[in-house]
Amino acid sequence: MKWQQWAKHILIGGACVAMLAGCGNAGGSSSSSANSIADTAATTSSISIQHDMGTTELKQPAQHVVALEWSFVDDLLAVGVTPVGIADDDKDQVMEKLAGKPIEYMPLGKRETPDLEKIAAAAPDLIIADTDRHSKIKEQLDQIAPTIVLNSRKGSYDESLKDFETIAKAVGKETEAKARIQQHDQIMADLKKQVDSISDKKVLIGVARKDGFNAHTTASYAGEVLQDIGFDNVVQGTQEEPYKDVNLETITSIDPDIIFIATDDSEAITNEWKKLPVWQNLKAVKNNHVYMVDRDMWTRFRGITPAEKIGQDALNFLNGK
């Protein structure tokens, strides 16, 4: 009898141990499953960004972004994101012009030589750098925050639209970007309809400096914008050479219908050209179709919004507005 009771106790005890072991395994399985779900969620929310210098992985959409070129500022603002830091060339009023209103950000110095200490102080979770200006410091920037590199300074209008989509993806604003591009396409189509009614469309765009005239070719940002809405840019270019120095003799041989000149140099070479008979004989000069344009808007800003403003500016000039 005692043996039977003892055996009964053993069986009951063994059953309890088994139950406890089962509970323990269930708990371990639950914990393992939770970890697996967390890992999957992290993988799902991570973002892979393709750019000019490879691929950058972001654990989540960036919220605190540093922009080292002005077109990137415009792209971010277009989807409702204000950069925490901007390489603004120490020109906060120019950034206000770009944004259309005052914005708060940390100035990071010159675009060509941004201040790395200030970039770090801005505590970004993403840095957007320019291919031409910043490729050599990419490793240093990566030590501060994940960095993507895009071709702004020497990029075309088409490239700028692709850059806009890339930036929107990096900050989790792809839906907003899609809507903005649809709006942009409609604006540009409306501008093109107006240009279609203009008979003489051969256009020259350039930056006048003291020592020369730098034409913005068909491969440049502003040049391609005007091409896109129906103007005929008279200076052909390539991706490797989007800007070309041209002299008065070349301009005379081309004899454009319209000349847009961007300059902030009080001693620009065109001041001297205007005194010469050969300049006065240009078709654009004789027809009063030489216009001085905002250099920031036409040659420095780039981005989705400046494209619309360049096109509208061109038509406003021609329509006497």
Side-chain angles (χ1 to χ4, degrees), residues 64-119 121-122 124 126-134 137 141 150-157 159-161 163-164 167 171 180 184 205-210 214 216 220-226 242-243 260-268 270 291-314 316-317:
H64 305 286
V65 187
V66 154
L68 301 185
E69 183 54 75
W70 294 353
S71 66
F72 307 147
V73 178
D74 178 75
D75 290 340
L76 290 164
L77 293 172
V79 292
V81 176
T82 300
V84 295
I86 301 172
D88 65 353
D89 288 357
D90 303 319
K91 296 178 180 178
D92 58 343
Q93 291 182 335
V94 174
M95 291 300 96
E96 184 175 335
K97 184 202 298 187
L98 173 60
K101 61 183 180 180
I103 55 175
E104 293 186 10
Y105 64 91
M106 179 181 288
L108 305 174
K110 305 290 185 182
R111 285 173 293 165
E112 189 171 356
T113 55
D115 190 317
L116 296 178
E117 290 185 3
K118 288 182 179 179
I119 293 174
L126 175 68
I127 299 169
I128 311 177
D130 176 67
T131 307
D132 183 60
R133 295 189 195 272
H134 310 122
I137 61 169
L141 294 172
L150 302 171
N151 187 22
S152 174
R153 188 184 182 208
K154 293 188 176 180
S156 66
Y157 167 55
E159 283 181 289
S160 76
L161 295 178
D163 289 350
F164 175 58
I167 289 169
V171 297
R180 182 66 181 89
H184 175 73
I205 313 161
V207 174
R209 300 185 176 88
K210 182 178 180 179
N214 190 236
H216 284 227
S220 70
Y221 175 77
E224 192 177 342
V225 167
L226 293 191
Y243 312 107
F260 293 111
I261 302 173
T263 188
D264 46 20
D265 191 334
S266 61
E267 298 182 9
T270 46
Y291 305 103
M292 306 303 295
V293 301
D294 185 323
R295 185 174 177 187
D296 289 329
M297 187 63 66
W298 280 63
T299 70
R300 291 183 177 128
F301 285 170
R302 296 179 290 278
I304 193 167
T305 307
E308 299 163 358
K309 292 185 177 180
I310 289 170
Q312 190 61 62
D313 273 358
N316 287 346
F317 280 122

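We number each residue from 1, following the sequence as shown.
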Which atom pairs, one a donor and one an acceptor, fall under 3.5 Å between side chains of residues 82-90 and the rest of the protein, sequence neighbours left out?
| residue | atom | partner | partner atom | Å |
| --- | --- | --- | --- | --- |
| D88 | OD1 | D90 | N | 2.8 |
| D88 | OD2 | Y105 | OH | 2.7 |
| D89 | OD1 | R111 | N | 2.7 |
| D89 | OD2 | R111 | NE | 3.0 |
| D89 | OD2 | R111 | NH2 | 3.0 |

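Qualifying side chain to side chain donor-acceptor pair (under 3.5 Å) partners for T270, counting only residues two or more places apart in sequence or in other chains: none. Scored by the side-chain contact (heavy atoms from CB on, under 4.5 Å) test, Q312 finds L191, L315, N316 as partners (sequence neighbours excluded). Contacts of D92 classified as side chain to side chain donor-acceptor pair (under 3.5 Å), with partners at least two apart in sequence or in another chain: none. The side chain to side chain donor-acceptor pair (under 3.5 Å) test applied to D294 returns K97, not counting sequence neighbours. Shown here are the side chain to side chain donor-acceptor pair (under 3.5 Å) partners of R133, two or more places apart in sequence or in another chain: E69.
Salt bridge absent: R209 and D265 never bring a charged side-chain N and a carboxylate O closer than 4.0 Å. Electrostatic pairing of R300 and D296 counts as a salt bridge here, judged by a charged N lying under 4.0 Å from a carboxylate O.
Checking side-chain atoms of S71 against main-chain N and O of G303 turns up no donor-acceptor pair under 3.5 Å.
When all heavy atoms of D132 and R153 are compared, the pair lying nearest together is OD2-NH1, 2.7 Å. Nearest heavy-atom pair, A208 versus I261, reported as atom, atom and distance to 0.1 Å: CB-CG2, 3.8 Å. Residue S152 comes nearest to D130 through the heavy atom pair N-OD1, 2.9 Å, listed as atom of the first residue, atom of the second, then distance.
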